[in-house]
Protein chains: 2
Amino acid sequence: MRVKPVAELSRVDELPDLRSSTGSLAQRIHHVLHTAILDLTFPPGTPLRKAELAHRFGVSRAPVTEAIAILAAEGLVEAMPQVTARVTPLSMAALREETFLRCAIEGAVVERLAKTRTDAQLARLGRNLRLQELLVEDGDTRGFFEADEEFHTMLQEFTGLDRLSGFAAQVTLQLHRARQLLLPEARRPTETIVEHGEVLEGIRRQDAPAAVKAMRFHLGQLVPRLKPLEQTYPHYFREG
Amino acid sequence: MRVKPVAELSRVDELPDLRSSTGSLAQRIHHVLHTAILDLTFPPGTPLRKAELAHRFGVSRAPVTEAIAILAAEGLVEAMPQVTARVTPLSMAALREETFLRCAIEGAVVERLAKTRTDAQLARLGRNLRLQELLVEDGDTRGFFEADEEFHTMLQEFTGLDRLSGFAAQVTLQLHRARQLLLPEARRPTETIVEHGEVLEGIRRQDAPAAVKAMRFHLGQLVPRLKPLEQTYPHYFREG
DNA sequence: ACCTGTCAACTGGCATGTCAGTTGACAGGT
DNA sequence: ACCTGTCAACTGACATGCCAGTTGACAGGT
């Protein structure tokens, strides 16, 4: 008789209540799992057993099957026929590709914003930047991460293209997970804020090339910080 | 040469045989439907009834449900609870956003390629360009469309980032469908080839700014041609 | 004519049963 | 010790049944 390995699953019972969201069961389950994977509640490699998840959510396997199919299409889980689906391992190659895409998209975004930005938008961005400073002073790492995300999301939304932030998120899923691993680093936020400020300043001065350059530099800072992850968390990476 | 009629719903029974591909039934069905939607075999607005599709494919509703869930996540079909899923209508807003993304991504691609391109890559691109000319001479519109696609795909693959073309396709699905509607236009291909040539020339000369400029110009040519579509095919567009 | 309440047929969401492919422990041969 | 064939339990893939929400035709009231 085989013994079920429980090590990685000990925190699975912290899944949010399904009643907290709307839509079909399958959609809600997808949302919960999506979030759990992105915030590393389900770290890379975690097996997703349909029967087990169904039992945990108090539903049948059907909606879980649907949710996992979508996660697989998004690339967040890997599923082979007849084999338990697993949360996709990180891979340095994927992170490089997503970084390239992020640079391409956010570069184009700030280039455009430098021409179209309004005073109201500048004000909101400025306020967010202040918030980032306050959160760093308070040592609220998680809060800073969210304000950082919001800064970038705001830039995307200010283009007036409202699917943009969704698309950008969709093609930087692995990167999002990897950045969770970088959260503990304390020194970085201060530099980040300076770089954000330079991007904003370029946009304010309507200096598109400067804004693009600042954004590329800012995003480029991520690359050298990603490299050590493969050594620090080898079990989260493919073939490791 | 045969042009596929796009408005004809009665030929839905021409769906390919499932045995022609690999993977689970759900994956194969997804692939068939995905292709059918992108090439307008299923035009925007087409209802996708699970029972009907299941019967047509000779399977049960379960794998069809999974396939449609994925299509919905991709944005190719719209599904509301208890309401028949429909192929997503086109919308000018979505096309604008996807054009922006395409410019951002392909611009970054050629900028990078201008620095890294090898002679072998230049040769393959040159050969593809010749092929485009031949196909235009033969009046093979569909063949030209595919060679055009391949030109852009090759550029993406030559970056060495092998998920890139997949990501790019993933965020330009609506655009892909709209471009099918532009196929009948006869004069355009010749201009397209000239523009492709300028992009390639920029890459060959390792002149990144020129290559980017040429690519942006090339992709920008699409915008004015998209606009009339909303008048020509109002029933394919949202609220129309 | 128009609006409105009702109802039957349709359709999708979910639960469940069955089956086949995969896995991994273990026994037996080398 | 190591390799290998075997087998039982595990797991996902798919079929099917049932129920609830939606829709659209139609009857009756205004």
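Since this is a predicted model, take the numbers as computed values, not measurements. Lettering of chains follows the sequences in order, A, B, ..., and the numbering in each one begins at 1.
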Find the distance [X]:[atom1] to [N]:[atom2] and express it as a whole number of Å.
| X | N | atom1 | atom2 | result |
| --- | --- | --- | --- | --- |
| H55(A) | dC14(C) | NE2 | C1' | 17 Å |
| M80(A) | dA20(C) | CE | C1' | 15 Å |
| L48(B) | dT11(C) | CG | P | 13 Å |
| I70(B) | dA13(D) | CD1 | C1' | 13 Å |
| I68(B) | dT11(C) | CD1 | P | 12 Å |
| F57(A) | dG13(C) | CZ | P | 18 Å |
| E66(B) | dG13(C) | CD | P | 13 Å |
| R86(A) | dG12(D) | CZ | P | 11 Å |

Passing option when E106(B) is tested against R216(B), H152(B), H218(B) for side chain to side chain donor-acceptor pair (under 3.5 Å):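 Passing option: H152(B).
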
Base paired to [N] (Watson-Crick or G-U; both N/O distances under 3.5 angstrom):
| N | value |
| --- | --- |
| dA25(D) | dT6(C) |
| dA1(C) | dT30(D) |
| dA15(C) | dT16(D) |

Nearest to the side chain of [X], which nucleotide is it out of [options]?
| X | options | value |
| --- | --- | --- |
| P63(A) | dT22(D), dA15(C), dT18(C) | dA15(C) |
| Q82(A) | dC14(C), dG21(C), dT11(C) | dG21(C) |
| A26(A) | dC14(C), dT22(C), dT22(D) | dC14(C) |
| R61(A) | dA13(D), dG12(C), dC14(C) | dA13(D) |
| R49(B) | dT11(D), dC14(D), dT11(C) | dT11(C) |

Quick one: do the R177(A) and Q174(A) side chains pair a donor with an acceptor below 3.5 Å?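 Yes.
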
H34(B) and E74(B): side-chain donor and acceptor closer than 3.5 Å?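 E74(B) and H34(B) do have a side-chain donor-acceptor pair below 3.5 Å.
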
Closest nucleotide of DNA chain C for G23(A) versus for P81(A): which of these residues is on the 5' side?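 Nearest nucleotide further toward 5': that of G23(A).
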
Side-chain N or O of K50(B) closer than 4.0 Å to phosphate OP1/OP2 of dC10(C):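 False: K50(B) side-chain N/O out of range (4.0 Å or more) of dC10(C) OP1/OP2.
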
Between R86(A) and G45(A), is there a donor-acceptor pair closer than 3.5 Å when you use the side chain of the first and the backbone of the second?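 Yes; at least one donor-acceptor contact below 3.5 Å.
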
Mind telling me whether Y233(A) and Y236(A) have parallel, tilted or perpendicular rings, with 30° and 60° as the class edges?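 Correct class here is parallel.
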
Using a heavy-atom cut-off of under 4.0 Å over every strand shown, decide if A79(A) touches base, sugar-phosphate, or nothing.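 The answer is nothing, as A79(A) stays clear of every strand by at least 4.0 Å.
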
